[in-house]
Amino acid sequence: SRNGLGDGGGVVYIATALATNTTLTSLRVGSNNLCDDGAATIAEALEGNATLTALDMSDNERDGLGDGRAIALAAALPGTALTDLNLGKSALGDDAIAVLSGAMRHTKLKRLALDRNKLGAKGCAALAAVLADTTLEELNLGSNRTIGPKGCAALAGALRDAPLAS
């Protein structure tokens with residue numbers, strides 16, 4: 001964290017190694033000003049990695065991972081071994097959350113952190129629609145000040161009908 005990997009050479013080197021590494025189980029690249037190319041590069045590397053189970057890309061909100069990069073990450077998720085994904089404080093909005101939610105049906109995720117993003121009612125509805133079809137045991141939505149009553153109602157209904165796995 002806070003190594004200034006950014007979207008330049010540093011993250012490219014990490015991603016290149018990740019694509020072929022067979023022993024690493026956890027990678028933390030939070031607080032590194034990742035945005036456009038950095039997030040996409042890591043997402044691409046995930047597609048070829050069968051051992052990484054925990055990925056922390058949190059606190060990359062300066063320019064943010066954003067909605068476009070969430071699409072690249074969502075496309076890679078189903079083929080990974082990830083059980084723990086931290087995307088907290090990454091400037092993700094409802095569109096990004098909706099794309100990630102769609103991919104979650106086909107993952108092994110047990111823990112997902114989406115705290116301190118821009119999650120609203122639309123993103124909550126997308127999450128609520130897939131919760132019953134996931135392996136999630138822990139979902140962190142803290143400090144998303146735009147969830148509102150409609151978002152809370154959608155999540156509460158989904159959790160009531162299909163509580164998180166245990």
Side-chain angles (χ1 to χ4, degrees), residues 1-7 11 15 26-46 52-78 80 82-159 162-165:
S1 293
R2 299 192 195 281
N3 293 315
L5 293 176
D7 281 350
V11 76
S26 180
L27 177 63
R28 295 176 187 255
V29 289
S31 303
N32 273 295
N33 298 322
L34 297 179
C35 48
D36 294 332
D37 296 334
T41 301
I42 288 176
E44 188 177 305
L46 284 175
L52 194 72
T53 58
L55 177 61
D56 180 349
M57 294 176 68
S58 65
D59 197 16
N60 281 296
E61 72 170 347
R62 183 183 63 132
D63 293 320
L65 296 179
D67 297 343
R69 276 68 70 200
I71 293 169
L73 186 57
L77 284 178
T80 71
L82 287 178
T83 58
D84 193 339
L85 179 60
N86 186 345
L87 298 173
K89 201 174 180 186
S90 293
L92 299 176
D94 283 341
D95 291 339
I97 301 299
V99 170
L100 288 167
S101 295
M104 284 172 34
R105 283 189 170 112
H106 311 288
T107 70
K108 299 172 186 169
L109 287 177
K110 293 186 181 294
R111 286 167 298 286
L112 177 62
L114 296 171
D115 56 298
R116 300 170 292 155
N117 278 293
K118 299 174 183 175
L119 181 61
K122 181 180 168 187
C124 288
L127 273 172
V130 302
L131 281 179
D133 299 327
T134 70
T135 55
L136 279 183
E137 295 174 1
E138 184 179 320
L139 178 61
N140 182 350
L141 302 175
S143 296
N144 278 286
R145 294 185 174 103
T146 54
I147 287 178
K150 288 182 181 178
C152 287
L155 288 169
L159 291 171
L164 298 180

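Keep in mind that what you see is a predicted model, and the values were worked out from it rather than measured.
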Shortest non-hydrogen pair, Ala76 vs Thr80, comes out as O-CG2, 3.1 Å

**Asked** Do the non-hydrogen side-chain atoms of Arg111 and Thr83 ever get within less than 4.5 Å of each other?
**Response** yes

Residues pairing under salt bridge (charged side-chain N to carboxylate O under 4.0 Å, His left out) where one sits in residues 123-134, two or more places apart or in two chains, turn out to be Arg105-Asp133

Residues at least two apart in sequence or cross-chain that pass side chain to side chain contact (heavy atoms under 4.5 Å, CB included) with Asn144, listed by chain then number, are Asn117, Leu119, Leu141, Ile147

Taking every heavy atom of Lys108 against every heavy atom of Thr135, the minimum-distance pair comes out as C-OG1, 3.3 Å

Taking only distance into account, with no hydrogens and no angle test, what donor-acceptor pairs under 3.5 Å do side-chain atoms of residues 120-132 form with protein atoms, sequence neighbours excluded?
unit_1: Lys122; atom_1: NZ; unit_2: Asp95; atom_2: OD1; d: 2.6

Just wondering, do Asp94 and Thr146 contact through their side chains at under 4.5 Å, heavy atoms? no

Under 3.5 Å, side chain of Ser90 to main-chain N/O of Ser58, donor-acceptor pair present? no

To the nearest 0.5 Å, atom CG of Asp115 lies from atom CG of Asn86 at 6.0 Å

Closest heavy-atom pair, Ala70 versus Leu92, reported as atoms and distance to 0.1 Å, is CB-CD2, 4.4 Å

Minimal heavy-atom distance between Arg116 and Gly88, with the atoms involved, is NH2-C, 4.4 Å

In Leu112, Thr107, Leu77, the residue satisfying side-chain contact (heavy atoms from CB on, under 4.5 Å) with Leu82 is Leu77

Item to complete: Check the pair Leu46, Leu73 against side-chain contact (heavy atoms from CB on, under 4.5 Å), reporting the backbone distance first and the verdict last.
Response: CA-CA 9 Å; Leu46 284 175; Leu73 186 57; 3.8 Å; yes

Beyond-backbone contact of Leu87 with Leu100, side-chain heavy atoms, under 4.5 angstrom: yes

Minimal heavy-atom distance between Pro78 and Ala75, with the atoms involved, is CD-O, 3.6 Å

Here the gap from Leu114 atom CG to Ile97 atom CD1, rounded to the nearest 0.5 Å, amounts to 4.5 Å

Interatomic distance, OG1@Thr53 vs CG@Leu109, rounded to 0.5 Å, equals 10.5 Å

